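So the structure is just underneath, and the comments pick up after that.
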Number of protein chains: 2
Amino acid sequence: MMMPATTRHDADFGQAKPPKSLKGDKPLILIVEDEDAIVTLLDYNLRSAGYDTAIARDGEEAVDLALTLEPNAILLDWMLPLRSGLEVCRHLRRFPETNEVPIIMLTARGEEQDKLRGLDMGADDYLTKPFSPQELLARLRAVLRRAQPARLKEILVFADIQMDQGSHKVTRGEASIVLAPTEFRLLRHFMQYPGRVFSREQLLDSVWGREKDVEPRTVDVHIRRLRKALNAHSESDVIRTIREVGYALDLP
Amino acid sequence: MMMPATTRHDADFGQAKPPKSLKGDKPLILIVEDEDAIVTLLDYNLRSAGYDTAIARDGEEAVDLALTLEPNAILLDWMLPLRSGLEVCRHLRRFPETNEVPIIMLTARGEEQDKLRGLDMGADDYLTKPFSPQELLARLRAVLRRAQPARLKEILVFADIQMDQGSHKVTRGEASIVLAPTEFRLLRHFMQYPGRVFSREQLLDSVWGREKDVEPRTVDVHIRRLRKALNAHSESDVIRTIREVGYALDLP
DNA sequence: ATTGGCCGTAACACAATCGTAACATTTACG
DNA sequence: CGTAAATGTTACGATTGTGTTACGGCCAAT
C-alpha cells in the first residue's frame, strides 16, 4: 500500500519553491550576546553554514530587533547587560510575532538552575559554552526543523512516527506500536512540541498532572518503556537525553 | 513511472441531488498544484492507495473542476498562478456544492502565518512540504473520516459486518446477528464513525441521550453484550478497548 | 397477573499498568 | 584511574481499570 520508492523525492520538495518570506531565502538568526569573541565565532559559523545573522548586544536591543526582523531563530546568551536572558525570553514570549520563534539559550557551565528556569520560560534548547560549531549547527537545524503549533492537530507526525489521536493509534514506519496509557500521553506531549526539551518536573506537570505526587525518577522508567516500544522494530532512538536537564524528541 | 496528468474518465456524474455516493466506488481527490513534480508524486501515491484523482493547474481551473466533479477532498497548493490558495479556498466555501468538501492545504516551510489564515478561511488541515506519502494518506484518511459521515447511508458496512438501518438487520459474514435495541444503537454509532475512539461519556451522550443519567460502567456491560453477539460465530473481535479512554471499532 | 426480554447496577475476578527501590552503567571531572 | 553524580535497567508489590457475572426492576405482550 505504501510506496517507499517515492520517499527519496520528498526531500526535494522543500527546495522546490523559494520561501516566500521577505527576509530573503536564507534563514535569519538573531544573535544576542555581548562578548565580542563569541559573537565573532557565532557569526562566522552561521554565515559559513548559509544563514543570515543579526546581532544584538543587550536585552533592549534584542527585544527590539526580534520584533522588527522576526528572525527564524534566536541565540540568546544568558548573562546580559541591562536585561537578563530570562527577562528577554519571557518578554519575547508575550508577543505573537515572536511567540513561536525558537530560542536557544547560551549558558556557561554551572548554571544548571538557569537552564531549568530558561526552559520553563519558553526557551527551546540550550548550548553550554564552550560548544563546538557542529553542535551549534545541529541544535539550530533541529530547532528550525520543527513544525508549527502541532498542538491541536489530530494527526501528529515526527520523522517516521505517526500518532492518530482520533483512532488512538501509533505507527512507526510500517509497524504499529502498542503503548500503555502513560506512554501514549508522554509521546503525545513530545510530539506536540517536537525538539523541545522538558525537565522531569515539567513532564510530571503536563503528562501526569499537577495533582499527582510522583518521584521524578519515575519519568526515567516511562522514558525507558517508551523507547523500548518505539525501537522494537527500528534502530534509531528518537528520544534524546539531556543530562541534568531532561528529555526531548529529536532525530539522532 | 510518470503518468500524464489525467482527469476523470467516468461519465456517470449526474447533477442529481444525491451527490457523493453515486459518483463511483473510489473517493475522488482533486489535486490543485502547478508543479509537475509534485503533481506526479501526489497522483501516483493517491492512485496507488485506491483513490481517483483529478488535476487542476491553477485557481480558475480548480474552482471549475471542484464545482463540476464535486470531489470528496481537495489538496490545495498555497502558491498558485492566477489565484492564490487563499482565494480559491474562500471561493469554494461560498458554494453549497463545495462548502462541505474538506480541503488540505499544501504549504512550503516558512509559510506558517498563512497556515493560520488558511485554517481560518476554512481549510481543514495542512501539509508542510516536504511530506511523506504516509503523512499525506494519514491526513487524507482523517479528513475523509470526519467529513464523510456514513451517517446518511442506509446500509453501513465495516469489515464483514453489515447493518441495514431500514430493516434493522445486522449480519456478520453469513450469519445474522440479533441485537437488543441499545446494542443496535451502539453498533450503529460505531459504524457511523469507524475507527474513531469514544469515551464512555461520549457514548452515553450520543447513544443513550443527554437526558439519561446512567453510570459510565454501564457502557462496559453493553460493550460486552455487543461483543458477545458479534463474536458468536466468528473469532476476531472488532471492538478495541483503549484503556483509560474508551472503545473503538477496529480491525484486529 | 405472569412471562420474558431488556436494562442498569453492583460485586467480584483478573490482568495491565504503575510507581518505587535497588542495582548497573555511563558521564563528568579532577 | 578513581570518585561522585546522573541516568539506564530491572524486578516486584500495589493499584487501577476493565471483563464478567448475577440480580432486581421495568415494561410490553400474553
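Predicted, not measured: the structure shown is a model, and the values here were computed from it. Both backbone and side-chain heavy atoms feed into the values below; hydrogens, waters and symmetry mates do not. Here is the naming used below: chain letters follow the sequence lines, and residue numbers restart at 1 for every chain.
Among B:Arg139, B:Arg141, B:Arg196, the single residue meeting the salt bridge (Lys or Arg N to Asp or Glu O under 4.0 Å) criterion with A:Glu154 is B:Arg196.
Residues B:His222 and B:Glu244 both approach DNA chain C. Their nearest nucleotides, taken by heavy-atom distance, put B:His222 toward the 5′ side. Across the interface with DNA chain D, nearest-nucleotide mapping of A:Lys212 and A:Arg227 shows A:Arg227 to be the residue nearer the 5′ end.
Listed by first and then second residue, the ring pair (Phe, Tyr, Trp, His ring centres under 6.0 Å) pairs involving residues 203-252 of chain B are B:Trp208-B:His222 (not counting sequence neighbours). The salt bridge (Lys or Arg N to Asp or Glu O under 4.0 Å) analysis of residues 163-175 of chain B, with sequence neighbours excluded, yields the pairs B:Asp160-B:Arg172. Pairs passing the salt bridge (Lys or Arg N to Asp or Glu O under 4.0 Å) check and including a residue from residues 226-238 of chain B, sequence neighbours excluded, read B:Arg227-B:Asp237.
Look at A:Tyr247 and you'll find a side-chain N or O under 4.0 angstrom from OP1 or OP2 of D:dG8.
A donor and an acceptor atom, one from each side chain of A:Thr53 and A:Arg47, are located under 3.5 Å apart.
For the side-chain contact (heavy atoms from CB on, under 4.5 Å) test, residues two or more places apart in sequence or in another chain that qualify with A:Ala180 are A:Glu183. Every side-chain contact (heavy atoms from CB on, under 4.5 Å) that A:Thr171 has, sequence neighbours left out, goes to A:Gln162, A:Ser176. Qualifying side-chain contact (heavy atoms from CB on, under 4.5 Å) partners for B:Ala159, counting only residues two or more places apart in sequence or in other chains: B:Leu251. A:Arg210 meets the side chain to side chain donor-acceptor pair (under 3.5 Å) test with no other residue; sequence neighbours excluded. Residues satisfying the side-chain contact (heavy atoms from CB on, under 4.5 Å) test with B:Gln202, not counting sequence neighbours, are B:Phe198, B:Ser199.
The distance from atom CZ of B:Arg243 to atom P of D:dG17 is 8 Å, rounded to the nearest whole Å. We find that CZ of B:Arg240 is positioned 13 Å from P of D:dG19, with the value rounded to whole Å. Between A:Asp220 atom CG and D:dG8 atom P the separation is 6 Å, expressed in whole Å. When the C1' atom of C:dA21 is taken as reference, atom CD of A:Glu215 falls 10 Å away, rounded to whole Å. B:Ile242 places its CD1 atom 10 Å from the P atom of D:dT18, with the value rounded to the nearest Å. Rounded to an integer number of Å, the gap from B:Leu226 CG to C:dC7 P is 11 Å. Taking atom CG of B:Asn231 as the reference point, atom C1' of D:dG19 lies 14 Å away to the nearest angstrom. One can place CD1 of B:Ile239 at 13 Å from C1' of D:dG19, the figure rounded to the nearest angstrom.
If you take CD1 on A:Ile55 and CZ on A:Arg57, they are separated by 6.0 Å, rounding to the nearest 0.5 Å. Atom-to-atom distance recorded for A:Leu127:CG and A:Ser132:OG is 8.5 Å, nearest 0.5 angstrom. Atom CD1 of A:Ile104 sits about 10.5 Å away from atom CD1 of A:Ile74, to the nearest 0.5 Å. Taking CZ of A:Phe131 as the start and CG of A:Leu41 as the end, the distance is 5.5 Å to the nearest 0.5 Å.
For DNA chain C, the neighbouring residues in residues 176-189 of chain A, judged by any heavy atom under 4.0 Å, are A:Ala180, A:Pro181, A:Thr182. For DNA chain D, the neighbouring residues in residues 199-210 of chain B, judged by any heavy atom under 4.0 Å, are B:Arg200.
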Self-check item: Footprint string (nucleotides 21-30 of chain D, 5' to 3'): B base within contact, S backbone only, - free, heavy atoms under 4.0 Å
Solution: BB--------
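Comparing the local axis fitted to the first five base pairs of the helix from C:dA1-D:dT30 to C:dG30-D:dC1 with the one fitted to its last five gives a bend of 30°, rounded to 10°.
When heavy atoms are screened at a 4.0 angstrom cut-off, B:Thr241 is found touching the sugar-phosphate backbone but no base atom.
Taking 3.5 Å as the limit, the base of D:dG17 and the side chain of B:Arg217 contain no donor-acceptor pair of atoms between them.
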